[in-house]
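This report refers to the structure that appears directly beneath it.
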Amino acid sequence: MNRPYHGTLRILITAGLVLLAAGCTSTSLTRPPDFNRVVDRQPSSIALGGIQDGVPCDDEAFYLQKYLEGKRIFYDCLLADNTDLHAYHGADVIVSGKIAHGGRTQRLGWGKFAAIITLGGYYFLGGPTQKQQTSITYNFEVYFADTGKSQSYLFSDAREAYFGLYGPGINMERKPELYEPGWDRLLYEICKELQSQRAGRMP
Amino acid sequence: MIRPGCRACFLLLLLLGAAWMSGCTSLPPTARRDALFNQRQYPEIRKQAVDDLAVLGQYERNGRVDGTVESATREYDAKYFDMAEEVRNLAPQAYFDMARVSLAVGRYTDAIRAAQNAIGSGASFLEGDEWVLLRILSLRENHKVLYESYLYCGNLDKAVAHHRQYLLINDLVNSMPFKKVMASLLRIRMTSMRLRSDYLERKAGSTRNQIVIAALMVAAAAGGASNNNQHNNSTSTLRALQAAQMAQIGILAIALLEDYKQELKAQLNIDLAQLMRQAADLNRLPKPTTADIRRAKMASGIYMTARISNPANTLNQAELSDLKKQSDQGKEMVSLFIDKQGRVHISGNLGELVALSKRIDEVPLRLPPPPDEGVDAYLDTYLTPGLYRMAGLQMSADEKKFFDRLVRRGGQDFVIDPAQAESQIALQGLHKMMQKTTEFQSWIVDR
Amino acid sequence: MSLFLPRRAGLVFAVLTGSWKRLGWKLVVLMSVWGSSCAHTQPWVEIPHFQNTHKNYRIGIAGVYDVNQFDFADVMLDEMERRRVFSCVELTPDLAEPDCDYVIRGNFGFYQVSTKNAFHYTSIYFLGLPLLLGLPNTNSDGGMDINFEIYHKGELLKTYEYRDIFRDQRSYLTVWPATSLDAELRRMVHLLLRDMWRDLFGYRGAA
């Protein structure tokens, strides 16, 4: 009487493991633990210069502006003139930079084998048959008007996902959401710097 | 007995009518943003334009458009000329929509950036001869946005240079040889629209026929009879025919344009390709002349307002002196201090600063009317870059309301906490007031 | 022959008449729902906007040309005269006409494509009878791009540009006129008058 029960249990455990394997993802650029404490509303305005990635015909600054306006950290978020970044706005922070994005996808032999021997059951359960790796490097130049100095910030985000029929569990290539971790980190660094500048000015 | 059936028919026909109406009252996506702009729904336009830009990942890296493109709002098949026009114009149009929305709400640097990007993306997506009409119209409207934006940012040289380009392109578009280009391209666009509509209609008809034939065959088989008559209206035949027609249209467009480019060169001494290259090269626009400066200033909204102003309401010398005295104290009116937590402490006479700001806002509206003769001297005296910059720093209605409320509360010290809901409005308004006072000081010095 | 219907027949007749009347009203409602099917990106600026305006400008119209250089200035003249905004509107070939305060010149491009829809083609198989229901069978897509130049004493003062894209659906029973070049041009003239009112009328316009 217990055998059918054990058999069902085994199938369920296997299916669960397969589903778990299908959701294997990793991303290296995560929020620092004190992110929510540091990233807070600032009495500053920010201007965005050119932020280019590999696709030349779109300007990432427009997406970053929409993102920053949604976060409501700065009281004004402007786009600077391409020919003169510092003109007309009087912003406290000016950001420009480059984003390099590359990746590769490879098929998993053992995944295909598993799909064959289970007559497609493994595949339809979403078992991983592909591995995708994406690496994004952010190189930002931030100018602080109060000190008159620029600082460079370099972050990289290495993402890996194992997936099958139902696609990767994290965003591997869809812009502009793909760049949000980098923007989060940039925001964190800018807020930290502004706070330390204010602390430095205290008597 | 008739009633239940009648009610059902009525509802069915009403639904059909609604379905038809929803199809016919929808406009093409780019036209939808035009309609929204005329209704002043600016946030919605920005959202749609940024969503459309996000579709650019589907293009090849060098801006080639291939096959079917799915934008945020619709699917385009680039082999049809009119749809290819629309899909190539997606990025330039999205940037231009953001530019004109930014201009309408007074965000001039955003407008400059968006218009620059529109011109840049037009250069890559609308490079071919068959897109010359779209490209010229795009250049014209973007140069106009750049002219107004630079004017209200206080950069007269760049504003005039862009205004000059705008007038040049306007003259070209209104010239007879270019109208022939426009006429041919409009005819080609209409032909493409009709072919696409006919193709879709025949495809739907062919599918319907195939369904009917299949049903007949099933019925005949069930009845034991056989039917050997089959219509050969396959969609693959239609598709081949359409592809040939589309190729013909593309060749025709380029051939016609070659003829008219020669005519443009002969009649107007204009090399179209060179003109567009020059208009798109924003770093090397020709230096404007005195006549260009005069035209640019006279086309501005401030000049138009001054022309129709009431001389009884003009700022007199006494008022100007009073304003000058007030603005000299501007920097000492308030002092700002930002503490460690980011709170902004304002101490001083905020009420006076707000009152001065309101009076400065009135200055562009109370200029003396220009004379009929000797208008250059008037323009040099009053319509300076500083005046335009002041006019461009107008506070919004929310900002004015906030500071009026603050001033009514009274007191000498105020604290703006960035964590509060209205802090953004407050800080923006404060920033504008301080900048405006500085610009006014430089303008009033010469009065 | 009796002039009176039998009582039962009379009742049946009354019931039938009532149903057909109700059906007729429903059909009218449906047709008006189907008939309201026209969309433009530019609004139609209504006449009351121009009431009580000051009339103190003499306007000249130097020409309103389409892409084939045909002149439609008479349409613009007619529309401006109907709205009675300016004290005088006349046609003039001279951009520096001394009798006119402002001279207007326009250039436009217009296109319109009409196609039949699936309902029309299906109706053919039913001898065209479904078309009498008033369902839309013709779809019209088009647009107009226009540019007006205002000259003051021969010098270009200001330009105004408008673009309207429209879509229109009609049936054989639609009673109001279709979108046409004439109607579009008049719409553009209304937009121009709205903007000229904003820019050119002031205390000086007081009659």
Side-chain angles (χ1 to χ4, degrees), chain A residues 40-45 47-51 53-67 69-70 72-92 94 101 146 173-179 191 194-203, chain B residues 46-47 49-50 53-57 59-63 91 94-95 98 102 107-114 116-117 120-121 124-125 149-150 152-155 158 282-283 336-344 389 392 416-421 423-428 430-431 434-435 438:
Chain A
D40 203 359
R41 290 202 185 173
Q42 304 291 327
S44 312
S45 59
L48 305 176
I51 300 176
D53 69 348
V55 181
C57 39
D58 68 341
D59 192 344
E60 312 310 308
F62 284 82
Y63 307 131
L64 181 54
Q65 185 191 35
K66 183 181 170 189
Y67 177 78
E69 282 175 350
R72 297 174 68 85
I73 301 294
F74 302 101
Y75 73 78
D76 202 3
C77 180
L78 310 142
L79 295 166
D81 182 352
N82 272 331
T83 56
D84 188 350
L85 290 185
H86 296 259
Y88 320 124
H89 48 75
D92 301 298
I94 304 174
H101 172 204
D146 277 345
E173 58 193 11
R174 198 178 58 252
K175 280 170 40 169
E177 293 85 5
L178 183 64
Y179 298 146
C191 289
L194 287 172
Q195 282 172 1
S196 75
Q197 282 179 10
R198 280 200 298 273
R201 280 201 299 269
M202 290 293 116
Chain B
R46 278 193 77 195
K47 181 186 170 306
V50 172
L53 273 184
V55 109
L56 291 176
Y59 292 109
E60 293 290 329
R61 285 179 181 232
N62 57 0
Y95 280 127
M98 283 194 277
S102 301
R107 295 179 66 90
Y108 301 111
T109 50
D110 286 6
I112 288 170
R113 178 66 166 274
Q116 286 171 341
N117 283 357
S121 64
S124 68
F125 285 106
S149 305
Y150 274 121
Y152 289 104
C153 283
N155 191 334
K158 284 196 173 175
L282 301 177
N283 294 323
L336 300 177
F337 167 69
I338 304 175
D339 66 19
K340 210 169 143 185
Q341 281 77 33
R343 287 189 298 240
V344 179
R389 182 77 180 121
I416 299 175
D417 186 351
Q420 285 170 353
S423 63
Q424 289 191 319
I425 295 171
L427 290 169
Q428 266 181 346
L430 198 59
H431 182 70
M434 309 287 281
Q435 273 195 312
T438 313

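From a predicted model like this one, the values you see are computed outputs, not experimental measurements. Lettering of chains follows the sequences in order, A, B, ..., and the numbering in each one begins at 1.
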(request) For residues A/Asn82 and B/Arg113, determine if any side-chain heavy atom of one lies less than 4.5 Å from a side-chain heavy atom of the other. (result) yes
(request) Measure distances from B/Asp110 to the heavy atoms of chain A and classify the residue's part below 4.5 Å as side chain, backbone, both or neither. (result) both
(message) Heavy-atom cut-off 4.5 Å, strictly under: side chain, backbone, both or neither for B/Leu427 against chain A?
(response) both
(request) Examine whether an atom of B/Gln428 lies under 4.5 Å from a heavy atom of chain A, and if so say whether it belongs to the side chain, the backbone or both; otherwise answer neither. (result) both
(request) Measure B/Ala111 against the heavy atoms of chain A and call it side chain, backbone, both or neither at under 4.5 Å. (result) neither
(message) Distance check, rounded to the nearest 0.5 Å: B/Gln424 atom CD versus A/Cys77 atom SG?
(response) 10.0 Å
(request) Under 4.5 Å, counting heavy-atom pairs only, tell me which of B/Cys153, B/Gly154, B/Gly120 racks up the most with chain A. (result) B/Cys153
(request) Examine whether an atom of B/Tyr150 lies under 4.5 Å from a heavy atom of chain A, and if so say whether it belongs to the side chain, the backbone or both; otherwise answer neither. (result) side chain
(message) Under the criterion side-chain hydrogen bond (donor to acceptor under 3.5 Å, both in side chains), I'd like the reasoning laid out for B/Arg46 against A/Gln65: C-alpha separation, chi angles, the key distance, then a yes or no.
(response) CA-CA 11 Å; B/Arg46 278 193 77 195; A/Gln65 185 191 35; 2.9 Å; yes
(request) Under 4.5 Å, counting heavy-atom pairs only, tell me which of B/Val344, B/Ile416, B/Asn155, B/Asp417 racks up the most with chain A. (result) B/Asn155
(message) Rounded to the nearest 0.5 Å, what separates atom CD1 in B/Ile112 from atom OH in A/Tyr88?
(response) 5.5 Å
(message) I'd like to verify something: which residue of A/Asp76, A/Leu194, A/Leu48, A/Asp40 has the highest number of heavy-atom pairs under 4.5 Å with chain B?
(response) A/Asp76
(request) Mind listing the closest non-hydrogen atom pair of A/Pro43 and B/Gly342 along with its distance? (result) CG-O, 3.2 Å
(request) For each of A/Leu78, A/Thr83, A/Asp81, tally heavy-atom pairs with chain B at distances under 4.5 Å, and name the one with the top tally. (result) A/Asp81
(message) Heavy-atom cut-off 4.5 Å, strictly under: side chain, backbone, both or neither for A/Glu60 against chain B?
(response) neither
(request) Rounded to the nearest 0.5 Å, what's the gap from CD on B/Gln435 to NE2 on A/His89? Could you check? (result) 10.0 Å
(request) Check each atom of B/Arg389 against the heavy atoms of chain A and say whether the ones under 4.5 Å are side chain, backbone, both or neither. (result) side chain
(request) Could you look at A/Gln42 and say if it's the side chain, the backbone, both or neither that has a heavy atom under 4.5 Å from chain B? (result) backbone
(message) What part of A/Cys191 gets within 4.5 angstrom of chain B, counting heavy atoms only: side chain, backbone, both, or neither?
(response) neither
(request) Please report the closest heavy-atom contact between B/Ile338 and A/Arg198, naming both atoms and the distance. (result) CG2-CD, 3.5 Å
(request) Could you grab the distance from atom CZ of A/Arg41 to atom CD of B/Gln420, nearest 0.5 Å is fine? (result) 9.5 Å
